[in-house]
J.: 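Take this structure first; my questions come after.
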Amino acid sequence: MSTTERASNRRREPLRAERANGAEGNGHTRVAEAESEEAVAIKPPMANSAAGPRWGSAGMPVERAGDFGTVTRRLLSRLRRERLRVAIVIVLAFASVTMLVLGPKILGDATDVVVRGVFSPAGIDFGKLHRTLVVAATLFILSSLLAYTLSFILAGLVQRTMFRLRADVEDKLNRLPLRYVDRNERGDLLSRVTNDIDNIAQTLQQTLSQMLTATLTVLGILVVMVWISWLLALVALVTVPLSFWTVRVIAGRSKSKFMQQWMHTGKLNAQVEEAFTGHNIVKAFGRQREVEAPFRTTNEQLYEASFGAQFVSGIIQPTMMVIGNLNFVAIAVLGGLRVTAGAMTLGGVQAFIQYSRQFTMPLNQLASMANMFQSGIASAERVFELLDAEEQTPEIATASTPVPRGRVEFEHVSFAYDPAKPLIEDLSLVVEPGRTVAIVGPTGAGKTTLVNLLMRFYELDGGRITIDGEDIAEMPRQQLRSNMGMVL
């Protein structure tokens, strides 16, 4: 056996490469690995494989998805392929809300018919009252049918959008380099693909329809209230800026809580997945307490984040109810004074009171939807971080696919998982066909890394690796890896 060239200026334990001439010359190179038991303590943690080290316990995306507004616009832009159905949903929502808004005004007219009849010698005009009530009932029924149709169409377009999002995530996972998978816990990645996407689907399903109808309802009711009495409408309008300011302040505090909630959910899933994957090892070495300790810590962090998110966002609706009740009292008192002065009819006041209740109801719905919407946007940001991650370098097409002889050469190779911690610097070695080579060194020295570099699981920082004189960076990965066998 002969010793190959050693890497120069190594910052960790050097590798020793030894050759044995007894192998058959079959055109393949076999690499055997040996580890020093004394150095186990310095081994970087692995992400459920022997592919490489991982220094972070949570996701480490290359690029963040952005702030709340950017993530919201990006999420809604995924509905672009469903824009025809979205337009139909908007039209149906407009028609449904219009009919719903006109209902109280018509009921107010019915009340005026009854009041005039009581004080009129001719009595109540039951024919007109009947027609008025039939119109009101018809409007309410048609509004409900349109709302049902709207919900049916919306459910389909949301689920199709989530189908495409899951497909995009699946394609993205297949294009990610091994570096990304090693640096992220597998349980956290699974949580992004499953829990976060399911949360986005639930958010869009429950919030899009209600937010659309609630916004249109507020605008429609505002128009009718101005039509009935501009003075009482001004009283009702006072609550609008106060309501939106309340929602903005509280929702801003809850966003960070929701981000922490889903981050800790992914981290907890990662710990559970790793514990069950290595259950036999945990039992064999009696490490149950050491495994349970970080689980309890993460579980406590998840509890605190979830409690804080739900509590802070849950304050919105009670606060809005208080504002709505104050608005109701003001309108009732002022409306009574207007009736006494003869400036309004009793039916008009009745209709306006109904509108005031309906006016605050969609505001309450928008406030309660802010809770769920914050949670969905937090999940969307985690999914977009995955979609924005740096992909592996594209393939360089080549027409030649010769059968390799097996001459492997490392030419001044440099590589580091972390740029601040160089692992391999200026390493050169040659392995001739038919030779068996043992790469020897302590844990963390870079033995497995050499195999990862040879199979292009990672790209080099410097130098090059050749097989039979051809740079592997110019070979398609499938061609390169089809001629190798890696046994862990």
Side-chain angles (χ1 to χ4, degrees), residues 68-69 71-73 75-79 82-83 85-104 139-162 197-224 236 239-240 243-244 246-248 250-252 254-255 258 309-310 312-321 323-324 327 354-380:
F68 181 85
V71 177
T72 302
R73 289 191 295 271
L75 179 60
L76 295 180
S77 68
R78 300 193 71 89
L79 299 173
E82 302 285 342
R83 53 183 173 270
R85 292 181 176 86
V86 171
I88 295 175
V89 166
I90 294 175
V91 171
L92 291 176
F94 182 81
S96 175
V97 168
T98 301
M99 295 179 183
L100 187 65
V101 167
L102 291 176
L139 289 176
F140 285 130
I141 292 174
L142 288 177
S143 177
S144 299
L145 291 176
L146 291 177
Y148 173 81
T149 306
L150 179 156
S151 299
F152 179 80
I153 297 175
L154 187 63
L157 70 88
V158 167
Q159 293 306 319
R160 283 189 294 272
T161 302
M162 291 301 101
I197 292 183
D198 287 344
N199 187 45
I200 295 172
Q202 184 179 4
T203 298
L204 292 179
Q205 186 68 54
Q206 298 188 22
T207 61
L208 281 184
S209 175
Q210 294 191 34
M211 293 179 72
L212 176 61
T213 55
T215 303
L216 292 176
T217 301
V218 169
L219 296 177
I221 289 177
L222 181 60
V223 171
V224 178
T239 62
V240 175
S243 300
F244 280 107
T246 302
V247 172
R248 181 178 179 180
I250 299 178
S254 64
K255 180 181 183 295
F258 279 114
Q310 297 300 329
V312 172
S313 60
I315 297 175
I316 296 177
Q317 193 165 5
T319 306
M320 296 294 294
M321 290 180 63
I323 296 175
N327 180 62
Q354 285 184 278
Y355 281 126
S356 69
R357 302 302 290 178
Q358 288 187 357
F359 186 72
T360 55
M361 185 183 303
L363 291 179
N364 291 336
Q365 288 179 345
L366 289 173
S368 63
M369 286 300 101
N371 179 357
M372 180 175 293
F373 199 68
Q374 288 277 353
S375 176
I377 293 301
S379 291

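Sequence positions, counted from 1, serve as the residue numbers for this chain.
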J.: Let me confirm one number: the CD-CD distance from Gln205 to Gln210, rounded to the nearest 0.5 Å.
T.: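 Between Gln205 CD and Gln210 CD, I get 10.5 Å after rounding to 0.5 Å.
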J.: What are the two closest heavy atoms between Thr213 and Ala93, and how far apart are they?
T.: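 What the structure gives for the nearest pair is CG2-CB, 4.2 Å.
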J.: Please walk me through it: do Ile153 and Ile88 pass side-chain contact (heavy atoms from CB on, under 4.5 Å)?
T.: CA-CA 8 Å; Ile153 297 175; Ile88 295 175; 3.9 Å; yes
J.: Does the side chain of Met162 reach to within under 4.5 Å of the side chain of Leu204, using non-hydrogen atoms?
T.: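 The answer is yes, as the side chains (C-beta and beyond) meet within the 4.5 Å cut-off.
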J.: To the nearest 0.5 angstrom, please state how far the CG atom of Leu154 sits from the OG1 atom of Thr149.
T.: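 It comes to 12.0 Å.
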J.: Would a 4.5 Å heavy-atom cut-off, applied to side chains only, mark Leu208 and Leu212 as touching?
T.: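 With C-beta onward as the side chain, the pair stays apart.
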J.: CZ of Phe140: more than 12 outside heavy atoms within 6.0 angstrom?
T.: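 Enclosed.
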J.: To the closest 0.5 Å, what do you measure between CG (Leu100) and CG (Leu142)?
T.: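 One gets 12.0 Å once the value is rounded to the nearest 0.5 Å.
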J.: Taking all non-hydrogen atoms of both residues, which atom of Leu79 and which atom of Leu157 are closest, and how far apart?
T.: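 Here Leu79 and Leu157 meet closest at CD2-CD1, 3.8 Å.
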J.: Can you tell me how far apart CZ (Phe373) and CG (Leu75) are? Round to the nearest 0.5 Å.
T.: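 Atom-to-atom, Phe373:CZ and Leu75:CG are 6.5 Å apart.
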J.: Measure from the side-chain N and O atoms of Ser143 to the backbone N and O of Leu139, and report whether any donor-acceptor pair falls under 3.5 Å.
T.: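 No, the answer is negative, given that no donor and acceptor are paired below the 3.5 Å cut-off.
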J.: If every non-hydrogen atom of Ala380 is compared with every non-hydrogen atom of Ile200, which pair is closest and at what distance?
T.: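 Ala380 and Ile200 have their closest heavy atoms at CA-CD1, 3.4 Å.
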J.: Can you tell me how far the CZ atom of Arg85 sits from the CG atom of Leu92, to the nearest 0.5 Å?
T.: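 Atom-to-atom, Arg85:CZ and Leu92:CG are 13.0 Å apart.
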J.: So does Asn199 get a backbone contact from the side chain of Thr203, meaning a donor-acceptor N/O pair under 3.5 Å?
T.: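 Side chain of Thr203 to backbone of Asn199, a donor-acceptor pair under 3.5 Å: yes, one is there.
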J.: Side-chain contact test, heavy atoms from C-beta onward, threshold under 4.5 Å: evaluate it for Thr98 versus Leu216 and give yes or no.
T.: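 Heavy-atom side-chain distance check fails, nothing below 4.5 Å.
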J.: Output the distance between atom CG (Asp198) and atom OG (Ser379), rounded to the nearest 0.5 Å.
T.: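 Reported to 0.5 Å precision, the distance equals 9.5 Å.
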